[in-house]
Amino acid sequence: MKFQGTKQYVATSDLQMAVNAAVTLQRPLLIKGEPGTGKTMLAEQVAQALEMPLIQWHIKSTTKAQQGLYEYDAVSRLRDSQLGNNVDDIGRYISRGKLWQAFEAKSPAVLLIDEIDKADIEFPNDLLLELDKMEFHVYETGETVRATHRPVIIITSNNEKELPDAFLRRCFFHFIQFPDKETMTEIIRVHYPDIKEKLVQEALEVFFDIRDIPGLKKRPSTSELIDWLKLLMSDDIPDTVLQQRDKSKAIPPLYGALLKNEQDVQLLERLAFMHRRQS
Amino acid sequence: MLVNLFYCLREYGVPVSIREHVDLLSALDAGLAYADQEQFYFLARTALVKDEKHFDKFDRAMTAFWSGLDSLEGLVEASIPDEWLRSEFLKQLSEEEKAKIDSLGGLDELIKKFKERLEEQQKRHAGGNKWIGTGGTSPFSHGGYHPSGIRIGGEGQHNRAVKVWEKREFRNLDDSIELGTRNLKIALRRLRKFAREGAADQFDLDDTIHSTARNAGLLDIKMVPEKHNAVKVLLFFDVGGSMNRHVKICEELFSAARTEFKHLEFFYFHNCLYESVWKDNRRRYSEGISTLDVMNRYGSDYKVIFVGDASMSPWEIVYPGGSVEHNNAEAGQTWLERIGQSYHKIAWINPVPEKQWDYTQSIGLIQSIVDDKMFPLTVKGLEQAMTHLAR
């Protein structure tokens with residue numbers, strides 16, 4: 001079964017190739033790209049397209065690799081023993097992590113390891129063998145958990161930390177580039193099938209103009225554009241408002257959806273002001 | 001198979017290993033890309049390259065690899081007896097076309113001209129009526145309309161695929177370097193200062209025993225936050241001009257510093273610090289950041305490191321308007337002193353060998369401005385600098 005994007009997700013041909021290669025060779029796929037280009041969404045859509053269950057593991061700065069395998073609750077066991085209960089069955093105090101769940105799933109699953117760069121620098125190294133061999137050892141009970149079906153693993157990263165070489169070698173890699181205007185129009189079509197052609201055109205112009213402004217702290221990306229269009233549509237803003245791209249009124253309507261940083265808004269206002277003064 | 005590609009990539013500095021190459025081969029074996037250059041390019045990229053900063057090198061290597069293959073194509077053609085091709089070629093022509101070939105001086109003449117033009121022409125070409133290329137009405141083209149055209153290898157797909165890597169869209173991402181920075185990292189590590197910050201997520205054995213005992217033996221768990229490196233660093237880099245000869249070592253220092261400090265902010269300046277600095281060297285003129293803003297934004301708990309050769313004419317430091325690049329309202333010295341007042345810990349790291357410092361007047365000037373806290377950019381000098389900053 002080949003992944004070719006879904007009704008809600010436009011996948012460029014290089015992305016399709018990356019996903020299909022990773023699925024066929026059963027390798028983890030590492031996805032990078034600007035925030036808001038649909039990295040996390042990819043996993044959901046792959047799961048949907050390949051009709052597999054999706055298991056999500058969201059990484060935080062405090063997440064340890066071990067938590068993905070299993071956690072041994074020694075404290076409950078100690079407490080139970082103090083209360084006089086029988087605590088011989090260690091298995092009762094072991095809770096399964098996401099990786100274990102994915103390994104033991106009845107059918108192949110998609111495992112999303114989201115934002116791996118948030119974790120400690122050693123985190124990826126601790127998962128090398130697990131991702132390679134798709135098995136791990138539970139020391140407390142002495143059993144070895146082996147994947148019955150190798151899951152499709154999709155890992156996303158925002159480039160906050162560099163990942164170790166040994167880890168990278170085990171993955172396939174894809175960098176989601178910021179979509180060009182054509183792809184962007186296609187993406188908008190997918191989200192809002194009955195949006196006015198004119199509005200899309202004008203909005204895209206404004207959007208790419210804003211992205212080109214040098215010095216923005218956070219350039220708006222696909223997800224922001226989608227949100228903004230939603231607002232434009234619900235407010236039923238006439239497309240003529242967008243058309244008057246007179247630089248002195250450079251602030252687009254409902255800019256709050258596009259710019260998430262008050263410094264960026266100020267920058268835009270300053271630019272508008274400078275244009276007014278020049279003219 | 002594809003051993004040439006493997007070595008070609010390595011030659012261009014793409015860090016590929018055998019493991020990845022085997023991956024690519026098994027992907028090809030699984031039929032993921034077959035007889036399609038573009039698909040092959042995507043597949044090879046996803047399997048072999050693991051960081052977008054290598055994409056540009058990869059694109060260049062691909063161009064070299066394919067152009068190598070193109071010359072190979074010529075080799076195959078050359079080894080096929082000429083007569084075969086000619087007879088096949090003539091068979092396809094109508095009488096009318098044959099007459100036209102004769103009008104151009106016969107097939108031999110046509111081939112000769114083709115070779116001449118191929119030499120004359122340097123670039124790829126499409127359309128038009130003279131050059132060898134695609135479309136158009138030149139006799140030497142692919143997909144053209146000239147009756148006596150010679151078809152030149154390559155499919156439509158081919159051109160499109162070539163474009164993908166010839167565009168070199170990832171050039172900007174190739175700004176970091178991988179190097180043996182371990183020595184530098186170890187030296188920088190001296191500046192680590194661990195502090196417990198954030199959520200309490202580590203088991204504190206001592207405290208737990210203590211409070212359990214006080215709790216009459218009933219378990220009372222105590223947690224503490226994990227230790228983190230809490231040092232904050234502002235890094236100012238001198239770029240351009242005389243610094244060019246120290247680029248390599250500075251890059252090493254920079255990449256080491258980046259992985260070593262969690263709170264690291266870096267800025268660029270040229271020769272001496274003035275009223276503005278910048279973060280992206282390509283956009284230095286459009287995206288300057290006011291030095292005052294930097295000082296206001298990053299508190300005095302930041303430690304400041306300058307990296308520069310401090311080699312310039314003395315008036316670039318001492319006089320207003322002395323900068324080589326712009327008219328600065330206030331002298332560089334004033335700005336350096338301001339930084340000195342705002343931050344308690346400052347070090348200037350100089351890539352110029354320490355022995356030569358005495359020969360440049362401006363180095364002495366800067367030295368006195370930063371209270372002799374100038375250190376050479378060697379592992380030892382770096383250690384000294386870090387010890388000074390950590391104190």
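Note on naming: letters A, B, ... go to the chains in the order of the sequence lines (proteins, then strands), and numbering restarts at 1 for each one.
Between chain B and the options A:L30, A:T62, A:D132, the largest number of non-hydrogen pairs under 4.5 Å is found for A:D132.
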Apply side chain to side chain contact (heavy atoms under 4.5 Å, CB included) to the pair A:L29 and B:T46, showing each step before the final yes or no.
CA-CA 9 Å; A:L29 176 63; B:T46 201; 4.3 Å; yes
What verdict does the side chain to side chain contact (heavy atoms under 4.5 Å, CB included) test give for B:V49 and A:F175, after you've listed the backbone C-alpha separation in whole Å, the side-chain angles of each residue and the deciding distance to 0.1 Å?
CA-CA 10 Å; B:V49 192; A:F175 182 81; over 6 Å; no
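In this structure, the portions of A:S13 lying under 4.5 Å from any heavy atom of chain B include both its backbone and its side chain. Contact annotation for A:K60: neither backbone nor side-chain heavy atoms come within less than 4.5 Å of a heavy atom of chain B. For chain B, the nearby parts of A:L168 are the backbone and the side chain; heavy atoms of each come within less than 4.5 Å. At a 4.5 Å heavy-atom cutoff, the contact between A:L78 and chain B is made by side-chain atoms alone. Within the 4.5 angstrom heavy-atom criterion, atoms from both the backbone and the side chain of A:R170 approach chain B.
From A:R79, atom CZ reaches atom CD1 of B:I221 across 10.0 Å, with rounding to the nearest 0.5 Å. The CZ atom of A:R169 sits 7.0 Å away from atom NZ of B:K50, with the distance rounded to the nearest 0.5 Å. The distance from atom CD of A:Q177 to atom CD of B:E52, rounded to the nearest 0.5 Å, is 10.5 Å. Between B:S26 atom OG and A:Q26 atom CD the span is 11.0 Å, to the nearest 0.5 Å. In this structure, CZ in A:F173 is found 9.0 Å from NE2 in B:H54, a value given to the nearest 0.5 Å. Taking CG of A:N20 as the start and CZ of B:F42 as the end, the distance is 13.0 Å to the nearest 0.5 Å.
Listed by chain and residue number, B:F267, B:F306 satisfy the ring pair (Phe, Tyr, Trp, His ring centres under 6.0 Å) test with B:F236 (two or more places apart in sequence, or in another chain). Residues passing the side-chain hydrogen bond (donor to acceptor under 3.5 Å, both in side chains) test with B:D29: none are found, sequence neighbours excluded.
The neighbour count for B:H210 NE2, taken as heavy atoms of other residues, nucleotides or ligands under 6.0 Å away, does not exceed 12. Annotation for A:R211: atom CZ counts as buried by contact number, over 12 foreign heavy atoms lying within 6.0 Å. B:L205 CG: more than 12 foreign heavy atoms inside a 6.0 Å radius. Heavy atoms of other residues, nucleotides or ligands lying less than 6.0 angstrom from OH of B:Y7 number 12 at most. In this structure, A:K133 places its NZ atom where only 12 or fewer heavy-atom neighbours from other residues, nucleotides or ligands lie under 6.0 Å away.
Minimum interatomic distance between A:A21 and B:L43 (heavy atoms only, all atoms of both residues): CB-CD1, 3.5 Å. A:K32 and B:D51 make their closest contact through NZ-OD1, 3.4 Å (heavy atoms, listed as atom of the first residue, atom of the second, distance).
A:H174 is listed as a side-chain neighbour of B:R45, based on a closest heavy-atom distance under 4.5 Å.
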